[in-house]
Every structure is written in C-alpha cells, then in structure tokens.
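What follows is a single structure, written as structure tokens, with notes after it.
As the structure is a computational prediction, the values presented were derived from the model and not from experiment. Each chain gets a letter, A, B and so on, in the order its sequence line appears, and its residues count up from 1.
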There are 2 protein chains.
Amino acid sequence: MDQEPLHRRIAGDIERRIASGEWRPGFRIPTEAELTAEYGCARMTVSRAMSDLSARGLVVRRRRAGTVVAHPPVHSSALVAIPDIQSEVEGRGLAYTHRLLGRIVRPALPDEGLGERVIELETLHLADDLPFVFERRLISLDAAPEAEAADFTAQPPGGWLLAHMPWTEAEHRISAVGADRETAAGLGLADGAPCLRLERRTWRDGQGVTWASQIFPGAAYDLVARFSPTKG
Amino acid sequence: MDQEPLHRRIAGDIERRIASGEWRPGFRIPTEAELTAEYGCARMTVSRAMSDLSARGLVVRRRRAGTVVAHPPVHSSALVAIPDIQSEVEGRGLAYTHRLLGRIVRPALPDEGLGERVIELETLHLADDLPFVFERRLISLDAAPEAEAADFTAQPPGGWLLAHMPWTEAEHRISAVGADRETAAGLGLADGAPCLRLERRTWRDGQGVTWASQIFPGAAYDLVARFSPTKG
DNA sequence: CGCGCGTTAATGTCTAGACATAACACTTCC
DNA sequence: GGAAGTGTTATGTCTAGACATTAACGCGCG
C-alpha cells in the first residue's frame, strides 16, 4: 500500500496547499525541522521534497530565511508551443502529405551563417491534399553532409533533420506577412493575402544547421496554446 | 575553490557529453556504481545527479536496465514566450505610453463566456509615440467587479488585471489577419495590411476573466524566442 | 540612533550504510 | 518446450548523522 514515495507525498501536500490558495505567495512554509517532526522522517527526505518544489519554481528557498511560496513571474509571460508540421496536421485528424517543389545545392552566403555550402529546398506541406504550409529551407552541408544524399521526397526536410541532426539551440520568429507571388501561387491564395510566417533557425554546438521559413495561410491556421502557470 | 557542488558537476559532465553528441540517444550511461567509483563519492551523490537529469528529461532510468540517454520527443516542439506589452516595449529601450480609445459597459453575450456583464475597452499601445498594438479587450464584471471603477487611462487594462486578478489558466491564439478599417486607422496602416493577431483568454478557477485581441503591425513586430532543449 | 559584529537558525551538501523494487536471466520441474 | 520459481543487477527510497554556508537577528559600542 506504499504506492507513492514519502518525499513525493510531502511535496504533493505542500503543492496542494499552494494551488488551493491556502498558502499565498510570500507565505513562509514550515522549516525542514518542523516538517521532519510532522512526518516523522529524516531531514533528507523533507529536503528532497523541498528541492523538487524549488526546482519547479513553486517555492523559493533561502538559507536562514526559510522557504516561502514563490511569487508568479512579475511580468507574467506565457508560452506557446510550436509543433512540428506533420504532427500538427495528424493531430487534427487529417492526412499529411508533402511535395518537394525545388532542390538546389549552392554556395552559402556569408550572412546565412551556415558554413560554405548549403542545400536549398522548397516544400509544400498538405493536409488532406489542401496546401497547408509553404516552406523554404536551407541546410548547411558543412554541418550535415549526409543531407546531400537524402531523399526529401520520401521524408520532409524537417523530419529528416529531427532524426539526423538533433539541435542544441533554436531561434523562432513569428510574424505576419503578405504572400509574395511564389508563395501565393503555392498556397493558392491571392497576392498579398495575410499569412503567418514562422522562421526557425537552429544550431548544433554553435554551428548553424538549418534555417527555415514556413508560411501558413492566415485564414486557415492558428497557433494555439493553453497554459497554466503552476504546472511545470 | 569549491564553487559548484559535486552532484552538479557530475550532472554537468554527463550533460556535456550528451549535448556534444558523444553519447547519443539510446547510449547506456555508466551505472551508479561505476560513477561512484570514478568520482570517489557516495552513491547518493551520483544518484542525485542522475535524478536531476532524469527530471529534466535528458536521460531515462529503469531499474535493472540502467540509465540511457533519452530520445528527444518524437515530434519535437519548441516554445515561444509571449511577453506583456509594456515590458516588451520597455525591453527594447523605447518609451511606453497608451491611449484609451473606447470604454463601454454592456451585457455579455453568452458565447463570450464572461458571465453577465462585461466592460469593453479599446486601447492603443505606443512605443516612442508610434502605434505598436491595437487592443480590444473584454473584462468580466462578474469575475472582476472592481474593473468598473478602475481608471484605464492611468494603467493599461493588461497591467491592471495582472495586478488585481492573477489568472490560473490562459489560452493563446496567434494568427495572421488583414487589418480591418478600424484597426488600420488606429495603427496608421492601409486597409488589409498583414497584421499579427494575438488572442488571449484567461480564467481564474474556471471562471472567465478576460478576453483580449492584440493586433501588431506585421511589418514592425516579430515574436522572437531563443530556445535550447537541454536547459530547463 | 545607527553601525559593526558575533550568534544562530535555516538551508545545502555529503556520507555510509540499509532495505525495497523492478526487470532481466537462468534454472528447475512438469 | 513451456511455466514457474530463483537469483542478480541496477535503480529508488530512506536514515541518522556530519559539516558547510548564508544571512537575519540582536547586542553592544560609539
């Protein structure tokens, strides 16, 4: 009947009192010594529970001052998750397909930050055979030489990279743009129609791996995220 | 010269080898006994290091089978932080001001999910006196009755709510839209110019608090986020 | 009053053990 | 050959201590 370890139970008890509002931000939590007595266990066990809560940002611990319930971040910001296109489409119960529209290998421009040679790809992603995303992508052949031989008609570049070149850092940029002629044609929109552009740049150990610009028809696509501040 | 605790050093050593690609996903990490010998410390110390890595999702631990480097989530997704407008503007070193363009109190529509009565606000946010965001917002007077008396010319509605009504759940929706006539006028754009729209809906204990639609000129604004998967 | 300064209360780390538990490997018995 | 039991290995939890570190507190002194 043990089920859950004691340190988890202690952390859970405290988390519940924080979440319920019984212990408000700034409230000083009983000391480890008091909790040790209350639960009749060793201090390390209580300490582990508190460390876990601290690591998750629910409490702030300071020597001598004790442990207090954390204040939520001052300028509360929230998060939006950026999904991989294939899983996004399949998550909506649609059939995912893609078409490779263009592929060339060329020298990299200096300001692309992708080494000496790149492969440049244009891909159209479809959901139930309707255009969903128009993607332009550069892959550094210095960072990922195997990309030159990869078959991007079988697997879209994003998926291939995910499997072959795990990244260590990424930058995302979300903006709204009017569709240019080529994009509009690919997505079947009027010139200048509002579109959501997601730019993504990834590095591996400081070396640029890929740059991608993914353009979604504004009318058809939303990035949505539900978020609750207390759950890590 | 101690500086960093031993368990952190151990975890750091292992994290480095994972990040560098030396230990790829699926690689079996030395057992606690081996690491204990290598670092000449107690098993609990190694165990703590491994627990931390496990909690952060870098490794997967299984009894008897040992500890292996985790596979990155099948469909890797990343995160974008959504900042509060005022801190966003000030973070760019610009002067933040705002103008209240409209304020009415009216019965809530049923599908707004904001109770019986709402206050409806239109606010223009400026950065260095240039239009930056056009915001339409509804605040539930059932959830936040004090809002009826608040002075939204002194403090923008977002800031007021942050201070008076902490939320427990939020939903965000990012999309691209063409500016309608009113928005275009407010932001000084041409009709139909591409804009980034951020819709935000928040709840407190299941009760709807506010809904906001913030429209950024597409050309002037990007949501940017840098992200690295290994750092919590 | 306020400025140092020692005291001490709290957390942070670590140890050397102990027993529990899960899962795989192997043997035994039918 | 298969099912059931048995051993082995690695992680999971816990204990009862020890010493380190930090910073709030209070006291005394000028």
Roughly how many Å is it from [atom1] in [X] to [atom2] in [N], rounded to a whole number?
X	N	atom1	atom2	answer
A:Asp52	D:dC14	CG	C1'	14 Å
A:Leu6	C:dA18	CG	P	21 Å
B:Arg48	C:dC14	CZ	C1'	10 Å
A:His7	C:dA20	NE2	P	17 Å
A:Tyr39	D:dT15	OH	P	13 Å
B:Arg8	C:dG12	CZ	C1'	10 Å
A:Arg63	C:dA10	CZ	C1'	9 Å
B:Leu35	D:dG12	CG	P	13 Å

Residue [X], side-chain heavy atoms: nucleotide from [options] that is nearest:
X	options	value
A:Cys41	C:dT11, D:dT13, D:dT15	D:dT15
B:Arg62	D:dT13, C:dT13, C:dC24	C:dC24
B:Met44	C:dA10, C:dA16, D:dA10	C:dA16

- Take A:Leu121 and A:Arg136 through the side chain to side chain contact (heavy atoms under 4.5 Å, CB included) test and state the conclusion after the steps. CA-CA 6 Å; A:Leu121 300 162; A:Arg136 261 181 272 248; over 6 Å; no
- Test side chain to side chain contact (heavy atoms under 4.5 Å, CB included) on B:Trp211 and B:Val118 and set out the steps. CA-CA 10 Å; B:Trp211 167 90; B:Val118 295; over 6 Å; no
- Message: Taking the basic N atoms (NZ, or NE/NH1/NH2) and the acidic carboxylate oxygens, is any pair closer than 4.0 Å for A:Arg61 and A:Glu32?
- Response: yes
- Query: With a 4.0 Å cut-off, would you call A:Arg56 and A:Glu15 a salt bridge?
  - Reply: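 Salt bridge: yes.
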- Earlier contact from the 5' end, DNA chain C, for B:Ala65 and A:Ser47: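 Its nearest nucleotide lies further toward 5', so the answer is A:Ser47.
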- Find which nucleotide of DNA chain D each of B:Ile29 and A:Thr45 is nearest to by heavy atoms, and output the residue with the more 5' nucleotide.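 Nearest-nucleotide comparison on DNA chain D picks B:Ile29.
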Can you find an N or O donor on one side and an acceptor on the other, under 3.5 Å apart, linking the side chain of [X] with the base of [N]?
X	N	value
A:Arg43	C:dT13	yes
A:Arg61	C:dT11	no
A:Arg64	C:dT8	yes

- Query: Around B:Arg99, counting heavy atoms of other residues, nucleotides and ligands shown, do more than 12 lie under 6.0 Å from its CZ?
  - Reply: no
- Would you mind classifying the nucleic acid contact of B:Arg9 as base, sugar-phosphate or nothing, using non-hydrogen atoms under 4.0 angstrom?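 Nothing, no nucleic acid heavy atom in range.
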- Sugar-phosphate, base or nothing in reach of A:Thr67, heavy atoms under 4.0 Å: sugar-phosphate
